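Everything quoted here is computed from the prediction, not taken from an experiment.
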Amino acid sequence: MSSPDKVARRKEKLERVAKVFGPGKVIPAARTVEFLELILSPGDRVVHEGDNQKQGDFLAEKLAQVDPKKVNGLKLAVSCIGLPEHLDLFENGIAEVVDFAYAGPQGGRLAELVGKGTVKIGAVHTYVELYARYFAELRPDVACLVAIDADAQGNLYTGSNTEETPALVEATAFGGGIVVVQANELTDSLRRVDIPGEWVDFVIESPKPFHLEALFTKDPALLDETRILMAMMAMKAIYQKYLPKVLNHGVGFNTAAIELLLPTYGEELGLKGKACTHWALNPHPTMIPAIESGFVEAIACIGGEVGMEDYVASKPDIFPLGRDGSLRSNRFYGQMAGHFADMFVGATLQIDPFGNSSTVTADRLAGFGGAPNFGAENRARRHLSEAFLRAGAEAHAGDYMPQGRKLVVQMVETFQGANKPTFVERLEAWDAMKTAGFEVPPVMIYGDDVSHIVTEEGVANLLLCRTMEEREQAVRGVAGFTPVGLKRDHAMVASLRDRGVIQRAEDLGIRKSDVSRDRLAARNIHDLVRWSGGLYNPPSRFRNW
């Protein structure tokens, strides 16, 4: 559709709404379905706000109730397919195609519906890739967003979890689309204006606050000695060696263990002030002891975290705060900070013998979120750092042109469950490619981007591998008793170990007696509350005292 056509259609829709609901931007919640049927046309591209923390659940529920005779063929674009209603749209005959980045909670159902032909997938994106396309060829016709507070003029306060809202609203408002927002409360006085009312067409006061998941709360009580061993090996082999100052950690327990070991083991290794000073990270509660111990200078937040509001407000030197004391997160900017960091540490569901990894399996289209951008060697980076230079010296030793190198670490246990190996000869992403009709397998992080793999068996430094055969044996050498590990060439693995490509715990001077939960700066959620001086207020499901 040409731009003039789109502008004319937008004007016609707004006039139609005005005839039914009158002037103004406030729409009664009880008439939301009727309202959506007025602003939507068959084939529209609808951006729905739903990331891995906050969800526009009220608008999703009402969107799934529109009459498919009036509204159909929608092209849905959503960061996270996190609600059943997102897929109800397809089973109800309202939507046809989805573009997304992550589908953790609905990944199994999505795979099933794709197999039946009920859902067509445009592409599995990264977050920033999807946002970028909203400004190019995926320009939204309608955006359904969320906010904490709104006023009658459409000004929005998004709260600590600003996250993706600015990107979605700007792409829509300046692309000729219609912006609709569900707000927890309509008020005359906002604490802060995160989004100006001029960019917002309609606001609806939701009957209940939008769903917000405490995704980044990891209970230290669940950290076992295997994870502590892996964390200690990673800190000795990677953190102490390269001294990365700017880091991004994933959301799992493996990196939570590292965060909780910084004030203890990290102090022993001499990391304080030399490494781990700046972070691209959500406000992880497990970072509280490291912050209180003086390890952290600044954290660029990608989102927020339930219960961390008061603690964050007390640290204006660490977190980006508004004048009202509340966090200003931004997923787009946070991703950029992580993209140019010294190091990314993440995890995955499957790794093949060449280090390629994926969270998309034959029966689960989980997606990738931001990992492919965080976990990509950034060849566009030009600023130098100690870690960047050290990694580059290993990766490009002997090359004509000296280069730096980002550290990309995959940290996984060899088995996800009793009979579910993490290391596989062939990624199930190949099967998903056929099921979903992709042209290439949906790989999360390509093997040649990975610098290190850490398992309970040891650390594989892939920067030191000079051939694909060496890379393969380095991966097999830390794959334990998985089928991939059992096929290792023992002589070659021994040679790689002699060269320091593979390092076991004993090679790093770590004894079994060194590995203990006593090393954790906090051993349960209550300890984190104490470290915070009582300012951390964890959700009730994490309280056992």
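One side chain, Ser326 or Arg192, offers a donor N or O that lies under 3.5 Å from an acceptor on the other. No hydrogens or angles considered: a donor-acceptor pair under 3.5 Å links the side chains of Asp352 and Asn356. Side-chain N/O atoms of Thr126 and Asn373 include a donor and acceptor closer than 3.5 Å. At a cut-off of 3.5 Å, with distance as the only test, no side-chain donor of Asn161 or Arg331 sits close to an acceptor on the other residue. With no hydrogens or angles considered, no side-chain donor-acceptor pair links Ser79 and Asp51 at under 3.5 Å.
With values rounded to the nearest 0.5 angstrom, Lys62 atom NZ is found 9.5 Å from Leu36 atom CG. For the atom pair OH of Tyr127 and CZ of Phe374, the computed distance is 9.5 Å after rounding to the nearest 0.5 Å. Between the CG atom of Leu281 and the OG1 atom of Thr255 there is a distance of 8.0 Å, given to the nearest 0.5 Å. The distance from atom CD of Glu185 to atom CG of Leu190, rounded to the nearest 0.5 Å, is 10.0 Å. With values rounded to the nearest 0.5 angstrom, Lys11 atom NZ is found 10.0 Å from Leu14 atom CG.
A salt bridge is absent between Arg109 and Asp363; no separation between the charged side-chain nitrogens and carboxylate oxygens falls under 4.0 Å. At a threshold of 4.0 Å, the pair Lys54-Glu163 does not count as salt-bridged, since none of the basic side-chain nitrogens sits closer than that to a carboxylate oxygen. For Glu96 and Lys120, the salt-bridge test fails: no basic side-chain N is under 4.0 Å from an acidic carboxylate O. Arg16 has a carboxylate O that lies under 4.0 Å from a charged side-chain N of Glu12, or vice versa, which qualifies the two as a salt bridge. A salt bridge is absent between Asp99 and Arg45: the closest approach of a Lys/Arg side-chain nitrogen to an acidic carboxylate oxygen does not fall below 4.0 angstrom. Electrostatic pairing of Asp141 and Lys75 does not count as a salt bridge here, judged by no charged N lying under 4.0 Å from a carboxylate O. Between Asp449 and Lys406 there is no salt bridge, since none of the side-chain N atoms of the basic residue sits less than 4.0 Å from a carboxylate O of the acidic one.
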Practice problem: Under the salt bridge (charged side-chain N to carboxylate O under 4.0 Å, His left out) rule, what do Glu137 and Arg133 come out as? Steps first, then yes or no, please. | Solution: CA-CA 6 Å; Glu137 77 272 37; Arg133 294 189 72 199; 2.8 Å; yes
Practice problem: Determine, step by step, whether Ile148 and Arg191 satisfy the side chain to side chain contact (heavy atoms under 4.5 Å, CB included) criterion, reporting the C-alpha distance in whole Å, the side-chain angles of both residues, the deciding distance to 0.1 Å, and the verdict. | Solution: CA-CA 10 Å; Ile148 298 287; Arg191 283 167 276 185; 3.4 Å; yes
Quiz prompt | Intermediate values then yes/no, side chain to side chain contact (heavy atoms under 4.5 Å, CB included), Val193 and Tyr157 | solution = CA-CA 5 Å; Val193 175; Tyr157 170 65; over 6 Å; no
Quiz prompt | CA sep, side-chain torsions, deciding dist, call: Gln55, His86, side chain to side chain contact (heavy atoms under 4.5 Å, CB included) | solution = CA-CA 11 Å; Gln55 294 286 347; His86 290 148; 3.5 Å; yes
Practice problem: Apply side-chain hydrogen bond (donor to acceptor under 3.5 Å, both in side chains) to the pair Asn155 and Asp151, showing each step before the final yes or no. | Solution: CA-CA 6 Å; Asn155 296 300; Asp151 64 20; 3.0 Å; yes
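With hydrogens and angles disregarded, no donor-acceptor distance shorter than 3.5 Å links the side chain of Gln53 to the backbone of Leu212. Judged by distance alone, the side chain of His48 and the main-chain N or O of Ala77 form no donor-acceptor pair under 3.5 Å. The backbone N or O of Met411 sits less than 3.5 Å from a side-chain atom of Asn254, completing a donor-acceptor pair. Using a distance-only test at 3.5 Å, with no hydrogens or angles considered, no donor-acceptor pair links the side chain of Asn92 to the main chain of Ile94. Under the 3.5 Å distance criterion, the side-chain polar atoms of Ser329 are matched with a main-chain donor or acceptor of Ser160. Checked by atom type and distance alone, the side chain of Asp5 never pairs as donor or acceptor with a backbone atom of Ala8 at under 3.5 Å.
Considering only residues two or more places apart in sequence or on other chains, Asp67 meets the salt bridge (Lys or Arg N to Asp or Glu O under 4.0 Å) condition with none of them.
Taking the ring centroids of Tyr536 and Trp531, they lie at or beyond the 6.0 Å cut-off. Between Phe210 and Phe58, the distance from one ring center to the other does not fall under 6.0 angstrom.
Asp44 pairs in a salt bridge (charged side-chain N to carboxylate O under 4.0 Å, His left out) with only one of the listed residues (Lys6, Arg10, Arg139, Lys13), which is Lys13.
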Please table the atom pairs, donor to acceptor, closer than 3.5 Å between any side-chain atom in residues 19-34 and protein atoms at least two apart or in another chain.
unit_1, atom_1, unit_2, atom_2, d
Lys25, NZ, Gln153, O, 3.1
Lys25, NZ, Gly197, O, 2.7
Lys25, NZ, Val200, O, 2.8
Arg31, NE, Glu34, OE1, 3.0
Arg31, NH2, Glu34, OE1, 3.3
Arg31, NH2, Glu34, OE2, 3.1
Thr32, OG1, Ala29, O, 2.6

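Pairing each heavy atom of Asp57 with each of His211, the nearest pair is OD2-N, 3.1 Å. When all heavy atoms of Leu528 and Thr286 are compared, the pair lying nearest together is CD2-CA, 4.2 Å.
In Arg323, the CZ atom is not crowded: 12 or fewer heavy atoms of neighbouring residues, nucleotides or ligands sit closer than 6.0 Å.
Under the 30°/60° scheme for interplanar angles, the aromatic rings of His284 and Phe216 are found to lie parallel. Taking the six-membered ring for Trp and thresholds of 30 and 60 degrees, Tyr134 and Tyr131 have ring planes inclined between 30 and 60 degrees apart. Using a 30° and 60° split on the angle between ring planes, Trp545 and His526 fall in the parallel class, below 30°.
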